[in-house]
Amino acid sequence: MNYYSLNNKSHKVSFRQAVINGLAPDKGLYFPETITPLSKDFFENIENLSNEEIAFEAIKQFVGNDIPETVLKEIISETLCFDFPCVKVEENIYSLELFHGPTMAFKDVGARFMSRCLGYFNQNSEEKNTVLVATSGDTGGAVASGFLGVKNVDVVILYPSGKVSDIQERQLTTLGQNITALEVDGVFDDCQDMVKKAFLDEELKDKKLTSANSINIARWLPQMFYIFFTYKQLKKHNKPLIISCPSGNFGNICAGIMAKRLGLPIKHFVASTNANDTVPRFLEKGNYDPKPSISTISNAMDVGNPSNFIRIQELYNHDLNEFEKDFTSYSYNDKITSETIKSIYQNTNYIAEPHGAVGYLGLKNEMQKQQGCLGVFLETAHPIKFLDIVEPLLNLKLPIPKQIESVLNKEKIKTKISTYEELKTFLK
Ligand SMILES: *Cc1c(COP(=O)(O)O)cnc(C)c1O
């Protein structure tokens, strides 16, 4: 399977090269050259297949010959070492809980899959790759945990000093081995700017820097898996499915649309955003006008210019009419998000965190327009990751899950930096 750059269709590389590069040299995102739907048989029998078998069928055409089938099956099995339950919240509404992994964020799936692909590609090589990531919280922990101990890969994580929660900081700074945390004197955008600058820096070429956010195909594509698992669990109800993704960089929802392209019967997708409403504004007004990001309580979605939206447009050949048949987008502010966390709890006893609550809101909106469907919102993180918001709103104390407990008493090890030159010296 080849991938082309969305900036230049004649620039093509293999799966392997696309994973190693992250972004094409012309700064375009990679996109698969062909997408071949799976057989009818597969969907008719999906409830008899294991999650690992489903994931293998979904991803194998995108990997092609670059990883032998036996190795790919091992990678999938290590990636999917936890459950993906669809929990009934109220009549016809389910929460797809994506937080049962090692760092309690859905990004565990993509990070684990990508790290093992990169580890396989580098296993006999003398060279190392350095994965460089900026995080506002959740990505860093998932990447640190996913890449821990992977041979010939060093991971450097930049996070803004004082802007991530204590739990998130511990998930980044306590692992050691090939994982290094840099505490940046600044905000998330400063971390992001330093990372971007490093990718473009000729003097760092030999460091083979790559990214581990959803621009990387090996982090993006495995996010299809749990949309397949949702269908497997809810197929028996025999109702059309609406899926609502709380969206930031739109990687999750774009992977869901890929699953639909493979033949998965999903009726409609909803991209629910916080006050960062570039996509809902685009659908309403017709011009794409990204704005600088605004801080919200669902901070993993504080993205002003969603990087994967271009991939979604490509999936619809940039035809807005076709696109809007499958896709709606809504934006919600913090006030209504907080009220919704409370009302979900009061009405159903279900504890949602801010990202899931935004997803729930979009789902409810769409279900008023489309009757007779079953709705699913993605719960993308465990409420404990956002305990400073959830606990006071619901006036309760959340029990600490074992994944979190294991990092609470470990010592934080980090290096403070404040300028790009310090990052560069560190990388050299
Ligand atoms: C990253 C993240 C999102 C946004 O996902 P995208 O694929 O970037 O749209 C939503 N919720 C949580 C908790 C996240 O960490």
Side-chain angles (χ1 to χ4, degrees), residues 29 95-111 113-114 133-146 159 164-165 167-168 171-172 188 192 211-227 243-259 269-280 293 296-312 327 329-332 337 341 351-363 377-387 389-390:
L29 269 67
S95 166
L96 172 62
E97 295 188 342
L98 298 176
F99 55 70
H100 295 277
T103 75
M104 314 207 92
F106 80 88
K107 294 185 171 81
D108 281 329
V109 175
F113 186 84
M114 180 187 159
V133 270
T135 184
S136 58
D138 263 9
T139 305
V143 169
S145 157
Y159 70 98
V164 304
S165 74
I167 288 176
Q168 288 174 328
Q171 288 183 318
L172 300 176
F188 172 69
Q192 183 88 307
S211 93
N213 63 33
S214 55
I215 60 167
N216 195 303
I217 53 164
R219 238 216 63 195
W220 165 52
L221 289 171
Q223 298 180 156
M224 290 188 292
F225 297 162
Y226 36 73
I227 309 299
I243 306 261
S244 172
C245 301
S247 297
N249 265 320
F250 285 61
N252 235 346
I253 194 160
C254 185
I257 297 171
M258 283 290 281
F269 288 96
V270 179
S272 303
T273 72
N274 57 28
N276 294 280
D277 62 351
T278 300
V279 171
S293 66
T296 73
I297 57 169
S298 48
N299 64 10
M301 311 198 293
D302 293 351
V303 179
N305 189 5
S307 49
N308 285 288
F309 194 59
I310 180 88
R311 280 186 171 134
I312 299 181
F327 185 99
S329 190
Y330 304 104
S331 153
Y332 301 96
T337 304
I341 293 174
I351 302 177
E353 54 69 59
H355 305 78
V358 169
Y360 173 91
L361 278 163
L363 181 63
F377 65 96
L378 275 50
E379 199 17 305
T380 44
H382 191 285
I384 198 82
K385 304 281 293 277
F386 298 92
L387 89 176
I389 292 151
V390 175

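Counting convention: from 1, in listed order, for ligands and their atoms alike. It should be emphasised that the depicted structure is a prediction, and the values quoted were computed from it without experimental measurement. Throughout, numbering of the chain's residues begins at 1 and tracks the sequence.
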So, for A381 and D138, which heavy atoms are closest and what is the spacing to 0.1 Å?
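What the structure gives for the nearest pair is CB-OD2, 3.8 Å.
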S247 (side chain) donor-acceptor with F250 (main chain) under 3.5 angstrom
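No; zero donor-acceptor contacts below 3.5 Å.
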Assess, by modelled atom type and distance only, whether the side chains of N274 and T296 contain a donor and an acceptor separated by less than 3.5 Å.
yes
Partner residues of S307 under the side-chain hydrogen bond (donor to acceptor under 3.5 Å, both in side chains) criterion, sequence neighbours left out:
N249
Please, which pairs that meet side-chain hydrogen bond (donor to acceptor under 3.5 Å, both in side chains) have at least one residue in residues 353-362, sequence neighbours excluded?
E90-Y360, E353-H355
With sequence neighbours excluded, give me every side-chain hydrogen bond (donor to acceptor under 3.5 Å, both in side chains) pair touching residues 216-227.
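Matches after skipping sequence neighbours: Y226-N252.
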One line per pair, note the atom names and distance for all nitrogen or oxygen contacts under 3.5 Å between ligand 1 and the protein.
residue  : atom   : partner : partner atom : Å
ligand 1 : 7 (O)  : G251    : N            : 3.1
ligand 1 : 7 (O)  : N252    : N            : 2.9
ligand 1 : 8 (O)  : N249    : N            : 2.8
ligand 1 : 9 (O)  : G248    : N            : 2.8
ligand 1 : 9 (O)  : N249    : N            : 3.3
ligand 1 : 9 (O)  : F250    : N            : 2.9
ligand 1 : 11 (N) : T380    : OG1          : 2.8
ligand 1 : 15 (O) : K107    : NZ           : 2.4
ligand 1 : 15 (O) : D138    : OD2          : 3.4

